[in-house]
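What follows is a set of notes on a single structure, which appears directly below.
Note that this is a predicted model, so its numbers are computed, not measured. Quick note on labels: first sequence line is chain A, next is B, and so on, each numbered from 1. Scope of the values below: all heavy atoms of this structure, side chains included, with no hydrogens, waters or symmetry mates.
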Protein chains: 2
Amino acid sequence: MARRNDHSREEIHQMALDAAERIVVAEGYKGLSARKLAAAIDYTVGTLYLVFENLDDVVRQVNERTLDKLYAWLQARSGASTRPEEAVFALARAYIAYAENDAPRWNMLFEYIAAQGGALPASHLQKVGKVFGLVEAALAPLADRASATEVEQAARVLWASVHGICLLKISQRMELAGGQDAEAMSHMLIENFLRGFRSTHQAA
Amino acid sequence: MARRNDHSREEIHQMALDAAERIVVAEGYKGLSARKLAAAIDYTVGTLYLVFENLDDVVRQVNERTLDKLYAWLQARSGASTRPEEAVFALARAYIAYAENDAPRWNMLFEYIAAQGGALPASHLQKVGKVFGLVEAALAPLADRASATEVEQAARVLWASVHGICLLKISQRMELAGGQDAEAMSHMLIENFLRGFRSTHQAA
DNA sequence: CCTGTTTATTGAACGACGTTCATTTGTGTG
DNA sequence: CACACAAATGAACGTCGTTCAATAAACAGG
């Protein structure tokens, strides 16, 4: 039994988030329960509620970490490419690779976003916006005649689409993909999409 | 209290599926519980387990109905268009409209598909395949130089993408869409995608 | 009409869930 | 050493899915 002052509030907070991630990675979203999480850090349920508002609060904070990791992962892989188009392909490959590599957390993130009835927390929106920013940056060189708004909208459309394809892969539903893998699908999508996009928005 | 022989097994089965749909429509996926469902048809929990394997079985059977309704809805709206391209746009509009119109059931269907660990039931796969068939039929006239496999793959790519966009709308996450609505997004997607697809696979 | 058998239906019971809060227990102060 | 304070507990509440011994309704034979 953990004793008074063994750990500060902040330490318990971090221990719980770490343990929650381990549980989610090992057993999936539904495997996370208050009692299991408390046991994992050698405290009892009650203590969790001194540090978090409720279980949803834990999930939300794990998701914030996931968004940070996702952004860092994508940024590290969106370096300068020879061809501007290649940057978009590279980003999509990185997105799919992240989801594959960190499937349970990626899953939890988007199940949370989907299930959340009302508005997302502001910090969430801001982090998602940063991810979209990477897509916009990759798309901009391909559309020198497009306004910032047009690039933004195209980025959202393209990424919602890549995300849809990614969902197939993560939920292991490639049986629905007609024999392709997610990378091939997203490649076909981007190739065709960019052809249209460039012909509309790029000079020369 | 319902009495012996008031209803046949089959009647109870149908009553339960009807009631389950009403509950899901009224209160969402998570609002469906065994006790609530039993009360809605004036039986007790035990009776449900004589007719269904478990709650998941109920959900699966409701989803089969949803897939049938979705197919019928799309088919009714995929009639002959003047331009072949318009058929694809019409299908996407119909898909989004269905999801909007029947959001709780549409949601439950795809949450189930995503959450299901292993393989989907064969009947599910077959019904999803029928929906994809509609997309392939709309795509085929635009690619007279493409093989059946290429059309099939393009249909899956395009529909996974439309689905991704649709998810934004249904989970009321249009804040992430850069000021567009789902119809505009899917229109942009299809327009650009088809331009690339036609230029690769269509003669003349 | 009564009795015994069959079987449809029940609902209490189990373990697990999220959440709360009166109680306990260790810590630091006077 | 006793008091006050606060950290931590864990029993309790109402929910969940699921099971299965017990019950009660329908029917068959006399």
Give the rounded distance in Å between these two atoms: CD1 of B/Ile41 and P of C/dT9. 10 Å
DNA chain C contacts made by residues 114-121 of chain A, counting heavy atoms under 4.0 Å: none
Those residues at least two apart in sequence (or on a different chain) that pass side chain to side chain donor-acceptor pair (under 3.5 Å) with A/Asp144 are none
B/Leu48 CG to D/dC20 P, in whole Å, measures 17 Å
Sequence neighbours excluded and cut-off under 3.5 Å, please list the side-chain donor-acceptor pairs for residues 116-124 of chain A, or say none.
from: A/Gln116; atom 1: NE2; to: A/Tyr112; atom 2: OH; distance (Å): 3.3
from: A/Ser123; atom 1: OG; to: A/Glu64; atom 2: OE1; distance (Å): 3.2
from: A/Ser123; atom 1: OG; to: A/Glu64; atom 2: OE2; distance (Å): 2.6
from: A/His124; atom 1: ND1; to: A/Glu64; atom 2: OE2; distance (Å): 2.8

Using a strict 4.0 Å threshold on nitrogen-to-oxygen distance, state whether A/Glu191 and A/Arg195 make a salt bridge. no
Return all side-chain donor-acceptor pairs below 3.5 angstrom for residues 175-185 of chain B, not counting sequence neighbours, or 'none' if the list is empty.
from: B/Glu175; atom 1: OE2; to: B/Arg173; atom 2: NE; distance (Å): 2.8
from: B/Gln180; atom 1: NE2; to: A/Gln153; atom 2: O; distance (Å): 3.2
from: B/Gln180; atom 1: NE2; to: B/Ala177; atom 2: O; distance (Å): 2.9
from: B/Asp181; atom 1: OD1; to: B/Glu183; atom 2: N; distance (Å): 3.4
from: B/Asp181; atom 1: OD1; to: B/Ala184; atom 2: N; distance (Å): 2.9
from: B/Glu183; atom 1: OE1; to: B/Lys169; atom 2: NZ; distance (Å): 3.4

Which donor-acceptor pairs under 3.5 Å do side chains of residues 44-53 of chain B form with protein atoms, sequence neighbours excluded?
none

In whole angstrom, what separates A/Asp6's CG from D/dT9's C1'? 14 Å
Between P of D/dT18 and CG of B/Leu37, the distance in whole Å: 12 Å
NZ/NE/NH1/NH2 to OD/OE distance under 4.0 Å, A/Glu86 and A/Arg93: yes
Not counting sequence neighbours, list each pair that qualifies as a ring pair (Phe, Tyr, Trp, His ring centres under 6.0 Å) and has a residue in residues 55-84 of chain B. B/Trp73-B/Tyr98
Could you list the donor-acceptor pairs under 3.5 angstrom formed between side-chain atoms of residues 11-21 of chain B and any protein atom two or more places apart in sequence or on another chain?
from: B/Glu11; atom 1: OE1; to: B/Ser8; atom 2: N; distance (Å): 2.8
from: B/His13; atom 1: NE2; to: B/Gln61; atom 2: OE1; distance (Å): 2.7
from: B/Gln14; atom 1: OE1; to: B/Arg65; atom 2: NH2; distance (Å): 2.9
from: B/Gln14; atom 1: NE2; to: B/Glu10; atom 2: OE2; distance (Å): 2.9
from: B/Asp18; atom 1: OD1; to: B/Arg65; atom 2: NH1; distance (Å): 2.9
from: B/Asp18; atom 1: OD1; to: B/Arg65; atom 2: NH2; distance (Å): 3.1
from: B/Glu21; atom 1: OE1; to: B/Arg65; atom 2: NH1; distance (Å): 3.3
from: B/Glu21; atom 1: OE1; to: B/Arg105; atom 2: NH1; distance (Å): 3.3

Interatomic distance, B/Ile23 CD1 vs D/dC16 P [rounded to whole Å]: 11 Å
Without decimals, in angstroms, what is the distance between A/Leu50 CG and C/dT25 P? 17 Å
Considering the terminal five base pairs at each end of the helix from C/dC1-D/dG30 to C/dG30-D/dC1, what angle separates the two local helix axes, rounded to 10°? 30°
Looking at residues at least two apart in the chain, or sitting in another chain, which of them share a side chain to side chain donor-acceptor pair (under 3.5 Å) with B/Glu27? B/Lys36
Would you be so kind as to tabulate the donor-acceptor pairs closer than 3.5 Å made by side chains of residues 131-139 of chain A, with sequence neighbours excluded?
none

Using a 4.0 Å heavy-atom cut-off to protein, can you give one letter per nucleotide of nucleotides 14-23 of chain C, 5' to 3': B if the base is in contact, S if only the sugar-phosphate is, - if neither? ---BBBBB--
May I have the distance from A/Tyr43 (atom OH) to C/dT25 (atom P), rounded to whole angstrom? 17 Å
Partner set under side chain to side chain donor-acceptor pair (under 3.5 Å) for A/Arg83, not counting sequence neighbours: A/Glu85
From NE2 of A/His7 over to C1' of D/dA7, roughly how many Å is that when rounded to an integer? 13 Å
